[in-house]
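Read the structure below first, then the notes.
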Amino acid sequence: MDVKTGQLDATGMRFGLVVGRFNDIVSQRLLEGAVDILVRHGARDADLVVAWVPGSFEIPIAAKELAEHGNVDAVICLGVVIRGETTHYDLVAGEAARGVGAVHAATGVPASFGVVTAENLQQALERAGGKAGNKGADAALAAVEMVSLLRALRRPRPARRSAAS
Ligand code: INI
């Protein structure tokens, strides 16, 4: 059996980070968590590009641009959608998720989803470095793992030895 897994080593990898400015008291913390984990796993600060967009709805188009033309190995998508603040919570959150997923499919570049969806600001803060961890850091780790896994999957498999040899 040939089992492929990704390693959590970001040495030499380049990342785009797309961050929604809406609720930036929280999204700034997601960004800090993501950058911290990338650097601690071997990425260089100079190999990170950060693009701020107005809100989570705009994340996918910037992620697609970075994936296609940004010379990055993966895109990490960070945003914060709070139900208490909007009646179109489901639309914004749904479009962000659908759009980020479409970036994978359209480009082959992994795009990880670090958009926090929460009922209120308190709950969102808990997911951005509070007691529920940091979803930005989680998304960054997922991106590192996927870049590594895709490289492993693309590596040609050694030829099978024939029974006669
Ligand atoms: N964008 C968010 O990222 N989070 C939200 O909670 C939010 N609310 O509450 O509306 C939000 N709206 C803005 C949206 O993402 C777009 O920027 C806007 O609709 C312009 O296209």
Side-chain angles (χ1 to χ4, degrees), residues 6 8 10 13-41 43-150:
L8 297 179
M13 292 180 183
R14 291 151 308 177
F15 296 93
L17 298 104
V18 182
V19 197
R21 198 180 303 111
F22 211 98
N23 298 311
D24 66 351
I25 188 170
V26 185
S27 57
Q28 177 68 43
R29 295 181 192 194
L30 296 176
L31 176 61
E32 286 163 8
V35 169
D36 177 64
I37 213 88
L38 292 174
V39 170
R40 284 201 285 124
H41 283 77
R44 293 186 325 149
D45 195 74
D47 288 330
L48 311 180
V49 53
V50 178
W52 284 91
V53 294
S56 297
F57 189 77
E58 284 77 27
I59 288 174
I61 188 167
K64 186 162 182 280
E65 191 67 26
L66 273 172
E68 287 177 339
H69 306 295
N71 192 26
V72 295
D73 296 301
V75 182
I76 298 158
C77 299
L78 308 172
V80 183
V81 190
I82 298 179
R83 187 188 293 276
E85 292 180 11
T86 177
T87 52
H88 63 285
Y89 166 97
D90 292 315
L91 291 177
V92 173
E95 271 308 299
R98 192 201 55 76
V100 171
V103 172
H104 290 289
T107 68
V109 174
S112 66
F113 190 68
V115 176
V116 166
T117 53
E119 295 298 321
N120 52 52
L121 179 62
Q122 180 58 33
Q123 204 179 68
L125 285 167
E126 282 166 8
R127 295 170 186 176
K131 67 182 181 196
N134 187 313
K135 300 301 172 198
D138 294 349
L141 270 186
V144 174
E145 183 174 343
M146 286 307 297
V147 172
S148 172
L149 175 66
L150 291 181

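In listed order, ligands and their atoms are each counted from 1.
- Distances from atom 17 (O) of ligand 1 to the heavy atoms of Glu95, Arg21, Glu58, Arg83 put Glu58 nearest.
- Using a 4.5 Å cut-off on side-chain heavy atoms (C-beta onward), Val115 and Val100 make no contact.
- Looking at every heavy atom in both residues, Ala118 comes nearest to Ala124 through CB-N, 3.6 Å.
- Of the options Leu125, Leu30, Val19, Leu121, a side-chain contact (heavy atoms from CB on, under 4.5 Å) to Val80 is made by Leu30 and by none of the others.
- Put simply, NE2 on His104 and CG on Leu150 are 9.5 Å apart, with the number rounded to the nearest 0.5 Å.
- Each of the atoms 2 (C), 3 (O), 4 (N), 5 (C), 6 (O) of ligand 1 lies under 4.0 Å from some heavy atom of Val80.
- Applying the 6.0 Å contact sphere to CZ of Phe57 captures no more than 12 heavy atoms from other residues, nucleotides or ligands.
- Using a 4.0 Å cut-off to heavy atoms of Phe57, the atoms of ligand 1 that qualify are 14 (C), 15 (O), 16 (C), 21 (O).
- By the criterion of a heavy-atom distance under 4.0 Å, neither the backbone nor the side chain of Val53 is placed next to ligand 1.
- Contacts with ligand 1 closer than 4.0 Å are made by heavy atoms of both the backbone and the side chain of Val81.
- Met13 places a side-chain heavy atom less than 4.5 Å from the side chain of Ser148.
- Below 4.0 Å from some heavy atom of Ile82 lie the following atoms of ligand 1, by number and element: 6 (O).
- For ligand 1, the atoms sitting less than 4.0 Å from at least one non-hydrogen atom of Asn23 are 4 (N), 5 (C), 6 (O), numbered in the order shown with element in parentheses.
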